[in-house]
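Each remark here refers to the structure printed beneath this line.
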Amino acid sequence: MAPNETDDTTTAGEVEEPRAGRRKAARYVVPVTVMGVAAATIGLVPALADSGDPDLPDITAAQLIEKIAQSDVERLSGTVKITTDLGLPDLGGLESGLLSGAAGGEDGEGGSSADPSGRLTELASGTHTLRVAVDGPDRQKLSLLENAAEYSLIHNGKDVWGYDSASNEVYHATVDEADAEERSAQQPPAIPKDFAEEALKAVDDTTSVKVDGTAQVAGRDAYRLVVEPKQSGSTVGAVSIAVDSETGMPLKFTLTPSSGGSAVVDVGFTKVSFDRPDASTFAFTPPKGAKVTEDTEQDRGHGDFGGKPERGPKSEEDLAKGFDGLRMLGEGWNSIATFDTGAGAGLPTEEEAGDLGGFLGSLGDQVKGDFGKGTVFSTRLVNALITEDGKVYVGTVTKDALVKAAEAGK
């Protein structure tokens, strides 16, 4: 066995799980369409690791998970490289348009091109470069660098600014002080720590967790933590997390599918500093001639950068509030969420909907079973089955697993 590599395998019984009730719910955000599944499951992709494997003291998986939990980094700046490859069909811009429109982006009703609810959905596919800066819970900045333009999202105290240099449009909102405590628990999006925490919530008795050597990421020495399903049938192959040996902060997160090939989701720093960013980093004044859109709706969530933070579902009961009759089938990584949209509410056939029905059907695979007929919409990570009588089955499982679940639920 190589130095710093351990075959220590940890399950939920060996690691403290303060939010065990969220394990299944955290793994899925149940969609109505596969586009919704894709948008909800997006993370950010790869930062290239530096060459060389540092020589670090041995550590067990349980100790490394504890190190992540105890990490208290509140100040940083750096560059993140992102690539997302869900394997969605090439629809010539339809995918990004649907995601942006669903989020109320620049093409949404009454929207601004600087509104973060639309712009950040661009991270759902392709390759992107971000600059991030954080100075505690009240100051964060994220800049999305494009070919000849830049989009910046800035949270500075009570103010939240979005600026699109391409259109010279500005979005502005103020943050209610009543939400200060909630915001203090938030971290800005697009950093590996957020995705690592979500992955570790999924750790249970069906999961293998081990330390698999070391790496160097963005010039920092790191341990490599690998999380893998013990069961077969999941579309998740493995989750790899590079953890900074000094601070315990995740520097890189990579999710590879069980089908092999390139990573589906992988987010990491190419440059990082834990020094306090200069205060001027978070200062913003609308440029001359810019169109400024004021958003005074305090209940409109914009993630970690302002408004009232939208909290994800805390349990299956919370999820069920949004989906009538939601149930979870199976266990662990093979869990499948199912709900009924109503009899006869399935996708239209080509005869029923003409060209639209044929187009929708072409995006999925037609399947048959004891449950009748249905259509499976697939990505490299999440699959969803919609039956002709309106039942939906979705999870990070194979198409065959969805068909079997539908047959068992008949």
Side-chain angles (χ1 to χ4, degrees), residues 2 4-6 41-56 59 61 63-86 123-134 142-145 187-203 207-228 236-257 260-274 380-381:
N4 306 312
E5 181 174 345
T6 172
T41 348
I42 294 306
L44 311 176
V45 181
L48 300 178
D50 296 336
S51 60
D53 295 330
D55 185 13
L56 297 172
I59 190 170
Q63 290 169 336
L64 190 53
I65 291 175
E66 183 178 4
K67 191 175 184 70
I68 296 172
Q70 293 178 347
S71 179
D72 58 357
V73 173
E74 290 192 345
R75 299 178 180 89
L76 64 87
S77 60
T79 303
V80 176
K81 185 160 183 186
I82 297 172
T83 304
T84 304
D85 182 11
L86 282 170
L123 303 179
S125 63
T127 299
H128 304 276
T129 299
L130 299 175
R131 283 201 301 258
V132 297
V134 181
L142 180 151
S143 295
L144 173 59
L145 309 181
Q187 291 288 338
I191 61 175
K193 179 179 179 182
D194 301 316
F195 302 100
E197 288 177 345
E198 287 303 308
L200 292 178
K201 289 174 188 174
V203 172
T207 308
S208 166
V209 185
K210 63 182 180 181
V211 178
D212 187 19
T214 64
Q216 198 171 71
V217 178
R220 306 278 304 186
D221 291 348
Y223 292 100
R224 186 184 292 112
L225 185 71
V226 176
V227 180
E228 297 176 296
V236 176
V239 171
S240 177
I241 305 168
V243 183
D244 186 62
S245 62
E246 181 180 346
T247 67
M249 180 175 170
L251 299 174
K252 184 180 179 185
F253 173 94
T254 305
L255 188 156
T256 54
S262 63
V264 174
V265 172
D266 181 17
V267 51
F269 289 98
T270 57
K271 296 180 182 179
V272 66
S273 169
F274 296 113
R380 297 176 67 214
L381 183 64

Within the structure provided, determine whether [X] and [Y] are in side-chain contact (heavy-atom separation under 4.5 Å).
| X | Y | value |
| --- | --- | --- |
| Leu200 | Ile68 | yes |
| His128 | Leu144 | yes |
| Glu197 | Phe253 | no |
| Ile241 | Tyr223 | no |

Checklist entry - Among side-chain atoms of Asp85 and Ser262, is any donor-acceptor pair under 3.5 angstrom? => result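 Yes.
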Residues in side-chain contact (heavy atoms from CB on, under 4.5 Å) contact with [X], at least two apart in sequence or another chain:
| X | value |
| --- | --- |
| Ser143 | Arg131, Lys141, Leu145, Glu150, Ser152 |
| Ser71 | Val73, Met249 |
| Ala69 | none |

Do you know the tightest heavy-atom contact between [X] and [Y]?
| X | Y | value |
| --- | --- | --- |
| Val267 | Pro192 | O-CG, 3.5 Å |
| Leu251 | Arg220 | CD1-CB, 3.6 Å |
| Thr207 | Val203 | OG1-CA, 3.8 Å |

Checklist entry - For Thr79, which of Val132, Leu130, Thr129 qualifies under side chain to side chain contact (heavy atoms under 4.5 Å, CB included)? => result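 Option passing the side chain to side chain contact (heavy atoms under 4.5 Å, CB included) with Thr79: Thr129.
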Checklist entry - Does Thr84 use its side chain to pair, donor to acceptor, with the backbone of Val265 at less than 3.5 Å? => result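 No; zero donor-acceptor contacts below 3.5 Å.
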Next on the checklist: If we ignore hydrogens and angles and just use 3.5 Å, is the side chain of Arg380 paired with the main-chain N or O of Leu86 as donor and acceptor?
Outcome noted: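 Judged by distance alone, no pair lies under 3.5 Å.
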Next on the checklist: Run the side chain to side chain donor-acceptor pair (under 3.5 Å) test on Asp221 and Ser245 for me, step by step, so that the C-alpha distance in whole Å, both residues' side-chain angles and the decisive distance to 0.1 Å come before the verdict.
Outcome noted: CA-CA 6 Å; Asp221 291 348; Ser245 62; 5.1 Å; no
